[in-house]
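The structure under discussion appears below in the form of structure tokens.
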Protein chains: 2
Amino acid sequence: MNTPNAVLPPAQNHPAGATPEAPVTQSLKSHSLAYIDDPQHGIRVPVTEIALEPSPNGQPNAPFRTYRTAGPGSDPVRGLSPFRSGWIEGRDDTEEYSGRARNLLDDGRSAVRRGAASAEWKGGRPVPRRAVDGRTVTQMHYARKGVVTPEMRFVALRENCDPELVRSEVAAGRAIIPANINHPESEPMIIGKAFLVKINANIGNSAVTSSIREEVDKLQWATRWGADTVMDLSTGDDIHTTREWLIRNSPVPIGTVPIYQALEKVNGEANALTWEIFRDTVIEQCEQGVDYMTVHAGVLLRYVPLTANRVTGIVSRGGSIMAGWCLAHHQENFLYTHFDELCEIFAKYDVAFSLGDGLRPGATADANDAAQFAELDTLAELTDRAWKHDVQVMVEGPGHVPFHLVRENVERQQQLCKGAPFYTLGPLVTDVAPGYDHITSAIGATEIARYGTAMLCYVTPKEHLGLPDRDDVKTGVITYKIAAHAADLAKGHPGAHERDDALSKARFEFRWRDQFALSLDPETAEAFHDETLPAEPAKTAHFCSMCGPKFCSMRISQDIRNEYGSAEAQAAIAEAASGMREKSQEFLESGGKVYLPELKVPAGS
Amino acid sequence: MNTPNAVLPPAQNHPAGATPEAPVTQSLKSHSLAYIDDPQHGIRVPVTEIALEPSPNGQPNAPFRTYRTAGPGSDPVRGLSPFRSGWIEGRDDTEEYSGRARNLLDDGRSAVRRGAASAEWKGGRPVPRRAVDGRTVTQMHYARKGVVTPEMRFVALRENCDPELVRSEVAAGRAIIPANINHPESEPMIIGKAFLVKINANIGNSAVTSSIREEVDKLQWATRWGADTVMDLSTGDDIHTTREWLIRNSPVPIGTVPIYQALEKVNGEANALTWEIFRDTVIEQCEQGVDYMTVHAGVLLRYVPLTANRVTGIVSRGGSIMAGWCLAHHQENFLYTHFDELCEIFAKYDVAFSLGDGLRPGATADANDAAQFAELDTLAELTDRAWKHDVQVMVEGPGHVPFHLVRENVERQQQLCKGAPFYTLGPLVTDVAPGYDHITSAIGATEIARYGTAMLCYVTPKEHLGLPDRDDVKTGVITYKIAAHAADLAKGHPGAHERDDALSKARFEFRWRDQFALSLDPETAEAFHDETLPAEPAKTAHFCSMCGPKFCSMRISQDIRNEYGSAEAQAAIAEAASGMREKSQEFLESGGKVYLPELKVPAGS
């Protein structure tokens, strides 16, 4: 996306008080917050604008505009402005209500002991809203009625596409806009294979480590580097309050796995879980503003034994909780038996399903097995059931899959689930590199996204070993931006190549600062350069560190361009080249002997 | 490879004096040097043996054996033992000779000024050998005559395959064993798509930075982590002497790009290069023991204009040197016109060609273009010409290629070059992530290796930004071991999955130390684990940091296995699963409605 819109001052969705560029979101000096403006519909979409230097020949280079996930920035204790409230209220199909009463156990037993969470949220908090009786308030519902909502227009401006494409994809279930009416701070975004591939960053505390403020910092850090959604996977103390801090500060949709909190409420005893406890937890989270929830409703009792002789059994936490419950009670998974009730709740808040793959493989040896694909059949059934309620759905995928088996996962899911967005964790294409699983999984992620996966859940270097810290979050996000962008390029997504081409042009022209600024991580690129050639003049030097100043391959290329780059010279060359291409093609088709064009070496050689 | 050979003491190819485990190659305590022994042919192949703990049920786990590139270790000032000398002399087709006279300019003008290189090699140095008149001493020559050499037997033991497979692939040109007769210290290895995918690490000084001892350290460091070959791309001072240190200490084949040194000899002026200077440089390097050389003989005069309007022109250093020369003289590339003479030289020492892709794309925008594929046509022609001399050949490939265009590169090369091994740099699948190009390129590398690329040239995080230091070398090597291994898995290479399965089993059984030991980088895995759970007991704890001690998904999986893992239970389950699979397949084939097996929820649900 590099549309030539004017830079405008912040509008009401980015009020002056909200520090448009808080320190945590500040980048290089050449990066700034700009807007794409649709005054007719009162919409302005923040983008990151990258100022570029002129080319060596004096030609200016237009500022480069790129998709922005960082939002306007917020003071963590105050949160973001609820800029979507007007849109939501304007539809006149929701109502405020008192909401579920505060229950200290929502924050775990230590909060009960203390009478408070360890750091209560004191910022503004919207009064909970829900659909008025008999109404459905999902983006899918509006889309199916032919309504183009402001959320859809916002998305279309972000994606540089026709709003009608957004509406029709959402209506068909091939894309979702996770946008709980109780999270009016979030900037609408879309997950679907017709759009840019998205990435999710997992954060959250655990019984072992970390604090609320650390998690808010990770949220802002993750969105600063490009996380399109963030999942709060907290399993320790203060689950409710941590989530409140996160949602109030999040410009991106927040996802959760409600069974984690439900399990905390029953003291970690999976057998003690009930539909009622789960339902109460879901409503609690709907009222807070969670935009999508992972629900492991496809882990059916009869599938559990299929995992018995796997190398690594069941590795999904939610999957094993439900499997444990099913076995203990010898009953069908209550998430499955109560699925329609869940749909009715989600429809009142516009919460999207992320249908969890509780039986995903945890080792390449277990990939694409009977348990995994049996669950996928059920997820397809549940997708249809949710759609009957106009509830948005995406489907989760693995996991650990050797490279040659990756494609089957997405093609099977797309066919069975009728194009519902696929959302996968990696997959990791080998198990032998703990400490590098951001890389093992980015390889699989690129492959699976190429064939239509809509969102990739990041994996950090700490996967399998520990909890990610701030550096790990950044590494995970950048690595997944690479996978997502590489897939966009491979899919031929309109405009995806523009950033590559702008950076390559800057590289060829020795505009070092522009190379850094256009990269996914300008600070790291600049720091690496400076390790070899720290002096400031080196940033404008017409040589690079690989060759040194005396010989430069790029300088020779410039000479070639000067000599042969004219339209006239190229017309003649193109004709010759096309002849050679044809000959080459003939060769490939015939499998015959090598074509040797006559050498035209000038006299004197 | 996990063959049950006994651990034997070092043999004559690993003499006691050579410190079998020098500090630079020392790993975790559970790693040790072992041997696969073929006493009949006097061959012993070093492997790394990883001791494993017993499973929680008391069952012992056999030590895991894996391919070893680190060699026996050497004291850098003394070098390795020339253990292949007996094999070479035993063939009775080579002779010692005085060799080319020492020329101080081989080490650059500062060596001429000083009368010496900055750190002269003082260790042992074999007297140069060459083929006796009228003889060809290449592995390809022997293979075509039906001879299985000790080098081929060594390779077969390393690869756990039949020596006849090695011989026949080398004879057909589909694999090479780079093994200059003047590098008797090297442990034979094979590059070909029927074998394990290999990786190369580039090292070498430049005009800008670094010293000889640093380069030797990088060599030992790279092979310690798994580099199968190392290229010395030095372009600064002391080129000859740096190479001497490297070859004398290298247990893996050494590759070079001789035009770099030739250019130094003419003070960096490409126009001043001549065939005579290049030829002299090649002989100098043949006598030192370089195992393969990159030669940019495919950059033909008429192809140069095809690059004029590329986004990044010619980015290969060798390619641009030759393009610059061709343009300056308006003559055909002397490497092309003298190619048969080069073959005659290579045949006398068993140096392999690495046919350089001087016109490879330097930006995704330039991938698979007319210039690149025109050069590939010529590389195919040159492959045939080299084979007429029984000279071994591999062919180099790009570079920067968007993911969906990667496969075409290897399939086209394999068809045109009749299966000659392909050796590619990455490719990088996007240009937007300088600082992370080990990752952008590992994605492309996995894809291109999956379809038959035999060796991958690593890319470090410093690519495009600076020269790699020790940490970058390690990161590059580990990242490429991931790509190569993921491709081996995807190709279904026999035994490739054994390490994944052993590690996954250790993970499932909470054998933390075995997880670390079996990983590609045990130190990093252990360090990451210890950041979250540093205490020693945590390494044997039956929970991991993601879930904490209270709830553990893996424990539930163990319960499931205990209940349903018996042969009897599984027989029943397999029958049920197979029925479901069939139904699912029927569905996929029919494109029909979702199959809903009858729910068998027990009474009381």
Side-chain angles (χ1 to χ4, degrees), chain A residues 206-208 268 305 308 311-314 317 320 324 330-332 363-365 370 380 402-404 429-435 443 446 465-466 482 485-486 489-490 499-501 503-504 508 519-520 524-525 528-529 532 545 548 550-551 553 556-557 560-561 564-565 573 577 594 601-602 605, chain B residues 207-208 268 305 308 311-314 317 320 324 330-332 363-365 370 380-381 402-404 429-435 443 446 465-466 482 485-486 489-490 499-501 503-504 508 519-520 524-525 528-529 532 545 548 550-551 553 556-557 560-561 564-565 573 577 594 601-602 605:
Chain A
S206 87
V208 180
V311 172
T312 56
I314 300 178
R317 204 166 175 266
S320 60
H330 218 75
Q331 286 187 5
E332 191 50 279
T364 50
F403 197 59
H404 64 300
V429 293
T430 172
D431 306 306
V432 299
I443 293 168
T446 307
L465 298 169
I482 289 169
H485 182 70
L489 287 177
R499 189 165 181 169
D500 296 75
D501 297 349
L503 192 147
S504 295
F508 187 66
S519 72
L520 294 182
T524 297
F528 281 2
H529 174 267
T532 304
S545 57
K550 200 164 60 177
F551 175 81
S553 60
I556 289 178
S557 295
I560 294 167
R561 180 175 296 183
Y564 295 100
I573 291 158
V594 175
V601 182
S605 71
Chain B
V208 179
V311 171
T312 56
I314 300 177
R317 201 165 177 266
S320 61
H330 218 77
Q331 286 186 6
E332 192 50 279
T364 50
E381 175 212 334
F403 197 60
H404 64 300
V429 294
T430 171
D431 306 306
V432 300
I443 294 168
T446 307
L465 298 170
I482 289 168
H485 182 70
L489 288 178
R499 188 165 181 170
D500 296 76
D501 297 350
L503 192 147
S504 295
F508 186 66
S519 73
L520 294 182
T524 296
F528 282 2
H529 173 268
T532 304
S545 58
K550 199 166 57 180
F551 175 82
S553 60
I556 289 180
S557 295
I560 294 168
R561 179 174 297 182
Y564 296 100
I573 291 159
V594 175
V601 182
S605 69

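Here is the naming used below: chain letters follow the sequence lines, and residue numbers restart at 1 for every chain.
If you tally non-hydrogen atom pairs under 4.5 Å between each of A:A525, A:A363, A:G435, A:A433 and chain B, the highest count goes to A:A525. Heavy-atom pairs under 4.5 Å with chain A peak, among B:D501, B:T312, B:V429, B:T524, at B:T312. Counting heavy-atom pairs closer than 4.5 Å to chain B, the top residue among A:A486, A:A365, A:P434 is A:P434.
Remark: A:T364 pairs with A:D431 by the side-chain hydrogen bond (donor to acceptor under 3.5 Å, both in side chains) rule, at least two apart or across chains. With sequence neighbours left out, the side-chain hydrogen bond (donor to acceptor under 3.5 Å, both in side chains) criterion links A:S519 to no other residue.
B:I560 touches chain A through backbone and side chain together, each having a heavy atom under 4.5 Å away.
Nearest heavy-atom pair across B:G313 and A:F508 is N-CE1, 3.9 Å. Summarising the geometry of B:H485 relative to A:T430, their closest heavy-atom pair is CD2-OG1, 3.2 Å, with the distance given to 0.1 Å. Residues B:L465 and A:F528 share a closest heavy-atom pair of CD1-CB, 3.7 Å. Residues A:V432 and B:R499 approach most closely at CG1-CG, 3.6 Å, considering heavy atoms.
A:D500 is not listed as a side-chain neighbour of B:P402, based on a closest heavy-atom distance of 4.5 Å or more.
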